[in-house]
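Worksheet: the structure to be examined is printed underneath.
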Amino acid sequence: MIGGIVIRRVLRAMLTMFLVVTFAFFVLRLTGDPVSAMMPDDTDPAIMEQMREDWGLNRPLAEQYVDYWWRLVQGDFGNAFRDGRPALEIVGERIPATLKLTLSGFAFIVLVGFPLGILAAVNRGSPMDRAIMTISVTGFSLPNFFLGILLILIFSVQLRWLPAFGSERWYHLLMPVFTLGTAGAAVIARFVRSSMLEVLNAPYIRAARARGMPERAIVWRVALPNAAIPSITVLGFMVGALISGSIVTETVFAWPGIGRLLIDSVAQRELAIVQTIVMLTALSMVVANLTVDLLYLVIDPRQRYATGTGE
Amino acid sequence: MTPSDKAINPLIIENLCIDLDRSGTRIVDDISLTVRPGEIRGLVGESGSGKSLSCLAALGLLGDGWTLSGSIRLAGAQTPRDIARRRGSDAAMIFQDATASLNPIRCVGHQVSETVRRLRRVSPHEARGIALDLLRRVDIPDPETRYNAYPFQLSGGQNQRVMIALALAGNPKILFADEPTTALDVTIQSQILELLKSIRDDTGMGIVFVSHDLGVIEEICDTVSVMCKGQIVESGSVEEVMRQPKHAYTQNLIAAMPRLAVAKRTSKEVRDASVETQQLLEIKAASCDYRVREGTFRAVSEVSLAVDDTESLAVIGESGSGKSTLGKLILGIEPPAGGEVLFQGQPVPCLGSAEHRTFARSAQLVPQNPYLSLDPRATIGDQIEEPLIIHGIGSDTERRQTRDGLLTDVGLHPDLRSRYPHELSGGQCQRAVIARALCLEPKLLVCDEATASLDVSVQARIIALLRDLQTKFSLSLVFITHDLRLVGELCQSVAVMRGGQLVEHGPTEQVLTYPRHIYTRDLIDAVPERERAVA
């Protein structure tokens, strides 16, 4: 039964991917000509026309679109105009750096957001709760590019503790990850706090107290798993925020990842590269959502039976 | 009382006062209560009288925001720290809503065995064995399978059994039972009461049994304390208190108690009043299906009934018997899947159609929870006027007159029109809902458990109100209820439903005195009342 759900979700994911690729294809081709973006303004029009001819850009859009799909299903993502290398290869070189950044950012969100939210909920109304909530508001009010620049100014320029860019050593990660994860951690902390408060008021918590379950066990073993269910949805959304956030963060810290490649490629009208990145991004979103749905089934028995996947 | 007695009695409360810090109000005022081993002590009173609060205080579960004074001795423990240690092992508690009192995402078996492991310090394997024994002890059918069930897969009664198993995990000396059967059907209620009694007989534990229902108290308790506005106004053995209530409040409570026996007299009165009548509502072999995952579920199956002008019909059944669905069929909220529902000879139009708009003026609904059926952001007066505005009846002045007239009719002061629902009591809200239902001058009122969420004395007053209004406005009533005891006071005829089918239908007196169907007999036997004979 659980296989049925996965198949349905995969089909829906493929539809999403199809729409995203199509949208990106047309928007990119209708908003600017790669040849005039690449060549100086005073280039001979005949040469430019020749280049368009070579790259197939002067053919009807529909024909280009069909051709694009035909190559895509054969695993050909197209080549960069500039150096002719396969787009997939160029993007692939950048993936590890971005993965390092976004996965660390995700870990930061979970490891900082959840404990802060729980701490605030358990100490509701206390100075600690108020402090955490104040930090949280500040956290998600700060635009990440501003936070990044602020960090560079303080820790690189003033204190000279951390390098402003570079990506080889672990400490290079500190500022970018903090920049990328702060807003998400702040949102998650608030969310976890409110769902914990709701759960801590539930009758089953009172009943657990009445049979003498220690408070620590109540919070971690009863309340947290119940409160985590809605928080997981928000974590799923965070993946999208992390991807868009990484574009800004990579630009601020000169991080050699996909985000910076995307910015450069859009400016240079490197259609194949942009398309590949858009597709990868959409794919990671789809995978994130699928993971969230499956996690639901694992954590919440009611979902399992409601979808007919129970025994 | 000698010191050795004090050591034995599992609960001794002396001069307990509980104040709410925020407003400085005293909610519980100087109560003293002792429970002996093996004693079942009833604690009865209306909502807000401080019953549950006293129990939570005895277990040290009140938390911040409350100030306590006086002394509590729970299984020998006196300091808050010691009392906290007794929770689970020496003292346990079960609650009204058992399903909500269990962790929704863990199997019930795990919840029991985890508690056994913690309280008895045994290995996981032994704990599982003990948990299964406990589930067997509380008569969970097929405990090996139910062990792996989640609370949402069990019925309310089964979950209450699981709660009792959880309470037994630590072999407690005292059990606090806070309205444990209020949310259950009457037959399940009597099973749970039997179970609690037999456990008391086996273990000799003391039980504090909180209820607003004197019938239940009479059935299970040895002694009873009556609470009113935070004070214990009367205490004694159940026989003593029920036979010769000393305090006026207790006398009122007993008078307001709905009894099967009342049926004979009142139903006759009403029947004599109605001489020549015409048929208002006719249900011909009507069925109703709901779409579920596995296809369709037949909620009402070929029910045939008729209601005359000014007649009142009680529809009785347990949860899931299809009685509310029948109400929806009558009101056109659900379309019949088969058969017909005729109102004044015409088929009842379906909700949403233009014809239904006209029909709605003749048939109105009074739902169960008055708070949920009133808009929290509109005044009572506006809400009573609203149907008139929707149907474009009368001028502003006329509408206001109708509104004030109706408020008076349902026993509310017209000044209450500018109040919001949260500023009224449950009984007042239900009166407002009835006024709203009456403002279109309907011929038929469908009351779906209209008194189920109200206190006994309020319930009695609403029933009396409905009876008066019925005469005054020549109304027909369809009174849907699970409480057999309310039927006799209001209705001339009774329809008993079970599993979507009509199992018995006849004059109230006949059905209650000489029930033909075995299920009706079971229902009557399950009514918690000792003197249920028609006297």
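Naming: A, B, ... by sequence-line order, numbering from 1 per chain.
- Annotation: side chain of A:Arg206 is in contact with side chain of B:Leu56 (closest heavy-atom distance under 4.5 Å).
- Side chains of A:Arg302 and B:Tyr150 form no contact here, defined as non-hydrogen atoms less than 4.5 Å apart.
- Closest heavy-atom contact between A:Ala210 and B:Arg87: O-CB, 3.7 Å.
- The environment of CZ in B:Arg117 is sparse: at most 12 heavy-atom neighbours from other residues, nucleotides or ligands sit within 6.0 Å.
- In this structure, chain A has a heavy atom under 4.5 Å from the side chain of B:Leu119, while its backbone stays farther away.
- In this structure, chain A has a heavy atom under 4.5 Å from the backbone of B:Ala91, while its side chain stays farther away.
- Of the two parts of A:Ile229, only the side chain, counted from C-beta on, holds a non-hydrogen atom closer than 4.5 Å to a non-hydrogen atom of chain B.
- Of all heavy-atom pairs spanning B:Ser101 and A:Ala207, the tightest one is O-CB, 3.4 Å.
- Summarising the local packing, CD of A:Glu198 is surrounded by 12 or fewer heavy atoms from other residues, nucleotides or ligands at distances under 6.0 Å.
- Of the residues considered (B:Ala100, B:Cys107, B:Ala92), B:Ala100 shows the highest number of contacts with chain A, using heavy-atom pairs under 4.5 Å.
- Neither the backbone nor the side chain of B:Asp97 has a heavy atom closer than 4.5 Å to any heavy atom of chain A.
- A donor-acceptor pair is defined here as one N or O able to donate and one able to accept, closer than 3.5 Å; no such pair exists between the side chain of A:Arg211 and the backbone of B:Thr115.
- Residue-environment remark: CZ (A:Phe237) stays at or below the threshold of 12 foreign heavy atoms within 6.0 Å.
- Within the 4.5 angstrom heavy-atom criterion, atoms from both the backbone and the side chain of B:Pro104 approach chain A.
- Residues B:Ile105 and A:Pro301 meet the side-chain proximity criterion, which asks for heavy atoms closer than 4.5 Å.
- Using a 4.5 Å cut-off on side-chain heavy atoms (C-beta onward), A:Pro214 and B:Arg118 make contact.
- Ranked by heavy-atom pairs shorter than 4.5 Å toward chain B, the options A:Ile205, A:Asp300, A:Asn226 are led by A:Asn226.
- Heavy-atom neighbours of B:Lys173 NZ from other residues, nucleotides or ligands within 6.0 Å: at or below the threshold of 12.
- Heavy atoms from other residues, nucleotides or ligands lying under 6.0 Å from CZ of A:Phe23 number 12 at most.
- For B:Tyr290, the OH atom sits in a packed shell: over 12 heavy atoms of surrounding residues, nucleotides or ligands are nearer than 6.0 Å.
- Proximity to chain A (any heavy atom under 4.5 Å) is restricted, for B:Glu114, to the side chain, taken from C-beta onward.
- By the neighbour-count criterion of 12 heavy atoms within 6.0 Å, atom CG of B:Asp64 is sparsely surrounded, having that number or fewer from other residues, nucleotides or ligands.
- Around the CZ atom of A:Arg124, the shell of radius 6.0 Å holds no more than 12 heavy atoms that belong to other residues, nucleotides or ligands.
- Between A:Tyr204 and B:Pro151, every side-chain heavy-atom pair lies at or beyond the 4.5 Å cut-off.
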